[in-house]
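This one's a predicted model, so the numbers in the text were calculated from it and none came from an experiment.
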Amino acid sequence: MFSSDELEAAAALVHNQVPPSPQLRWPLLDEATGARVVVKHENHNPTGAFKVRGGVTFVDWLRRTQPESRGIITATRGNHGQSQARAAVAAGLRAVVYVPEGNSPEKNDAMRAWGAELRVHGQDFDTAREEAFRVAEAEGLTIVPPFHRELVRGVATYAWELLSAEPGIETLYVPIGCGSGICGCIAARDALGHRAEIVGVVSENARCAQLSVEAGRLVETNSAATFADGMAVRVPVQAALDIYGPGAARIIDVSDDLIAEAIRLFWTATHNAAEGAGAAPLAGLLKEKERMAGREVAVILCGGNIDAGRMVTVLKGGTPRP
């Protein structure tokens, strides 16, 4: 998907605004999982999530290729919207962001703080996305789709950092929403000639990516009812499926209860807050604990933007409602 030179150039661009995130080892995670675990801490980034990288590369591409653009419009559950608002407003552009009803109040506040013009529409992400696409032309704004080559090129820089620093990684767990994260990992692995197998993780209540890989075609679901909002996607993306279908070793699903367990484990073992999608890779490792015993494994803590109320529920031993 990308040459080594393209990813090096992306990393140089991203690192002008976003420093490389750490990849750290935590002995208590090794004890809990039986594997030798490396955590890629994308939760330490500006905006608290991996998406910030794609905002840098997408807006740079937009300014170079469409200098007449007055701004961007997109849909999100939160982290993508923060990323795009941050990059667009810094470049002097408008940033209109659609979210569904009942979206995370704290993520909504963060998007507004980064300069987003926030609009609420529909009952889920996919409905909000359809509305954003519908009004883009009428408002003279450039649509930022959930999956785009320049988004992936930026996102791939975290896997580039991780796999360059850790040549011994055998298995890498990464969550799947619309697919930029896992496709970035596959792109970086292939460009580096790394040996890691990449395992995609979805919620058992939002399995469109898993079902699509199994069927060899796009499979939509009727709902995506998970508190891990970064994975709450009903409609898969063909361009992403074309990459993670053949490129991932497997796609596994995890329950919301196991995701909550992984959030608690991140807190007790590392004292890092993880949102639902951010903890899903660790949940995937816990599900495959016997299979991964003694192996060199990486998990992507892709975001730490969990609402305070949900974190309280998790730390009390519960599982938040979607």
S.K.: Assess whether side-chain contact (heavy atoms from CB on, under 4.5 Å) is satisfied between I72 and R94, documenting all intermediate values.
M.R.: CA-CA 6 Å; I72 58 98; R94 285 180 68 197; over 6 Å; no

S.K.: Begin from the C-alpha positions of E161 and H15 and carry the test side chain to side chain donor-acceptor pair (under 3.5 Å) through to its verdict.
M.R.: CA-CA 11 Å; E161 294 166 10; H15 292 159; 2.6 Å; yes

S.K.: Does M1 offer a backbone N or O that forms a donor-acceptor pair with the side chain of D190 under 3.5 Å?
M.R.: no

S.K.: Is the closest basic N to carboxylate O distance between E131 and R119 below 4.0 Å?
M.R.: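 So E131 does not pair with R119 through a salt bridge.
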
S.K.: Do R112 and E117 sit within salt-bridge range, that is, some charged N less than 4.0 Å from a carboxylate O?
M.R.: no

S.K.: How far does CE of M111 sit from CG of N103, to the nearest 0.5 angstrom?
M.R.: 5.5 Å

S.K.: Going by salt bridge (Lys or Arg N to Asp or Glu O under 4.0 Å), name the residues that satisfy it together with R250, two or more places apart in sequence or in a different chain.
M.R.: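 For R250, the residues satisfying salt bridge (Lys or Arg N to Asp or Glu O under 4.0 Å) (neighbours in sequence not counted) are E197, E288.
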
S.K.: Measure the spacing between NZ of K287 and CG of L282 and express it to the nearest 0.5 Å.
M.R.: 14.0 Å

S.K.: Answer with yes or no whether the side chains of N43 and N272 bring together a donor and an acceptor at under 3.5 Å.
M.R.: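 Yes, because at least one side-chain N or O of N272 sits under 3.5 Å from a partner of the opposite role on N43.
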
S.K.: Sequence neighbours left out, cut at 3.5 Å: what donor-acceptor pairs do the side chains of residues 211-221 make with other protein atoms?
M.R.:
{"from": "S212", "atom 1": "OG", "to": "C208", "atom 2": "O", "distance (Å)": "2.7"}
{"from": "S212", "atom 1": "OG", "to": "V219", "atom 2": "N", "distance (Å)": "2.9"}
{"from": "T221", "atom 1": "OG1", "to": "S223", "atom 2": "O", "distance (Å)": "3.0"}

S.K.: Return the set of residues passing ring-ring contact (aromatic ring centres under 6.0 Å, His included) with H121 (not counting sequence neighbours), or none when no residue passes.
M.R.: none

S.K.: Strictly below 4.0 Å, N to O, side chains only: are R77 and E275 in salt-bridge contact?
M.R.: no

S.K.: Going from CD on E290 to OG1 on T33, what distance comes out if it is rounded to the nearest 0.5 angstrom?
M.R.: 13.0 Å

S.K.: Taking atom types as modelled, is there a side-chain donor on T57 or R153 under 3.5 Å from an acceptor on the other?
M.R.: no

S.K.: Is any side-chain heavy atom of I300 closer than 4.5 Å to one of L162?
M.R.: yes

S.K.: Rounded to the nearest 0.5 Å, how far does CZ of R310 lie from CZ of R321?
M.R.: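 It comes to 11.0 Å.
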
S.K.: Less than 4.0 angstrom from a charged side-chain N to a carboxylate O is my criterion; do E296 and R25 meet it?
M.R.: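 Yes.
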
